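Structure first, then comments.
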Amino acid sequence: DADMRRALEILRFEVAFHLRAPLTWVLLGAYAAVHALTVAGIGINLNDNLLIHLNSPFLIVRTALILGVFGMLPAIYFVVSGATRDDEFRTTALFLTTPVGKLEWLAGRFCGGALLAVGAAALGTLGTFVGTHLPGLDAARIGAHTWAPYLFSFTLIALPNVLVLSAFFFGVATLSRSVALTFGVALGGDGTAWFDDLSIEVVEPPKVVPIRFAGRVVDSSGAPVANA
């Protein structure tokens with residue numbers, strides 16, 4: 001199908017365009033490093049319970065949930081830039097002179113950017129795995145290795161999160177043709193979600209009850225000791 005081939009060509013161009021940019025590799029490396037350092041408790045500490053293993057399913061899933069808010073960064077960088085690049089570089093008229101239809105253009109740009117955003121999410125999960133094998137970690141806090149929690153956190157948390165964010169931001173960018181407006185919507189939406197999930201628990205300190213002893217002190221003869 002000619003339409004499908006044109007969409008795939010745009011997808012390949014979009015992926016190649018980003019992979020040639022040094023900022024892409026910096027972003028991907030930073031995204032993986034944040035996950036690695038977080039699960040290891042370096043910088044961002046998500047768990048103070050020393051009895052919980054660093055590679056426990058609880059901590060792996062919690063890392064994916066908490067750092068899911070940063071999923072907007074690859075979505076904005078890869079997906080939104082594809083939706084607004086033609087307006088930014090004034091190449092829209094060039095596309096209008098080609099047989100590429102609007103649907104193929106939108107599908108190719110979105111799928112190319114979303115594919116890279118999914119790659120960033122996969123690197124984040126890989127970073128979580130690497131973080132549990134960093135040198136210097138307490139061996140007592142490393143449990144038996146299993147791939148199940150990593151697959152669970154990627155397929156059911158990171159992947160849906162980045163796809164939904166990519167689709168939403170691509171829609172906003174396509175309608176507004178503005179990176180700044182899309183970024184403002186991203187900050188407002190993710191900030192609202194962050195504070196909606198934030199809960200503050202006020203814990204009263206335990207009351208100190210003085211210990212009182214009743215009785216008397218006697219010596220070896222059984223006589224009470226004064227002032228004792």
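Computed from a prediction, not measured in an experiment: that's the story for all the values here.
- Remark: side-chain polar atoms of T24 are not paired, donor with acceptor, to backbone N or O of R20 under 3.5 angstrom.
- Nearest heavy-atom pair, T174 versus A83, reported as atom, atom and distance to 0.1 Å: OG1-CB, 3.9 Å.
- Counting all heavy atoms, side chain and backbone alike, P74 lies closest to A120 at CB-CB, 3.8 Å.
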* To do: Would you please test Y150 and H145 for side chain to side chain contact (heavy atoms under 4.5 Å, CB included) and show each step?
  => CA-CA 10 Å; Y150 299 99; H145 171 71; 4.2 Å; yes
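- Proximity of a side-chain donor or acceptor of T38 to a complementary backbone N or O of H35 within less than 3.5 Å is not detected.
- Using a 4.5 Å cut-off between side-chain heavy atoms of Ile, Leu, Val, Met, Phe, Trp and Tyr, with links allowed through other members, L19 and L27 fall into the same hydrophobic cluster.
- Rounding to the nearest 0.5 Å gives a distance of 10.5 Å between CG of L103 and CZ of R6.
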* Passes side chain to side chain contact (heavy atoms under 4.5 Å, CB included), L73 versus Y31? Steps please. -> CA-CA 9 Å; L73 297 178; Y31 198 69; 5.6 Å; no
* To do: Evaluate side chain to side chain contact (heavy atoms under 4.5 Å, CB included) for N55 paired with L59, printing each intermediate quantity in order.
  => CA-CA 7 Å; N55 60 343; L59 196 54; over 6 Å; no
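- To the nearest 0.5 Å, the span separating CZ on F70 from CG on L165 amounts to 13.0 Å.
- Ring centroids of H18 and F13 are separated by 6.0 Å or more, keeping the two rings apart.
- Side-chain heavy atoms closer than 4.5 Å link hydrophobic residues (I, L, V, M, F, W, Y) into clusters, and following such links, even through other members, never connects L67 to L156.
- Electrostatic pairing of E9 and R12 counts as a salt bridge here, judged by a charged N lying under 4.0 Å from a carboxylate O.
- Taken from CZ in F58 to OG1 in T63, the straight-line distance is 9.0 Å, to the nearest 0.5 Å.
- Residues V61 and L159 are members of separate hydrophobic clusters, defined by side-chain heavy-atom contacts under 4.5 angstrom among Ile, Leu, Val, Met, Phe, Trp and Tyr.
- Between R109 and I10 there is a side-chain heavy-atom pair separated by less than 4.5 Å.
- Salt bridge annotation for R85-E14: present, with a cationic side-chain nitrogen under 4.0 angstrom from a carboxylate oxygen.
- The two residues G82 and W105 have their closest heavy-atom pair at O-CZ2, 4.1 Å.
- Side-chain contact between S153 and T125: present, with at least one pair of heavy atoms (C-beta onward) separated by less than 4.5 Å.
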* Begin from the C-alpha positions of V79 and F169 and carry the test side chain to side chain contact (heavy atoms under 4.5 Å, CB included) through to its verdict. => CA-CA 8 Å; V79 177; F169 294 145; 5.7 Å; no
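- Scanning all heavy atoms of the two residues, the minimum distance from P149 to P57 falls at CB-CA, 3.8 Å.
- Looking at every heavy atom in both residues, A40 comes nearest to L134 through CB-CD1, 3.9 Å.
- One distance of note links CD1 of I142 with CG of L137; it measures 5.5 Å at 0.5 Å rounding.
- The hydrophobic clustering, which links ILVMFWY residues whose side-chain heavy atoms are closer than 4.5 Å, places F129 and I60 together.
- Residues L11 and C111 share a closest heavy-atom pair of CD1-CB, 3.5 Å.
- Taking hydrophobic clusters as Ile, Leu, Val, Met, Phe, Trp and Tyr residues chained together by side-chain heavy-atom distances below 4.5 Å, F154 does not share a cluster with F152.
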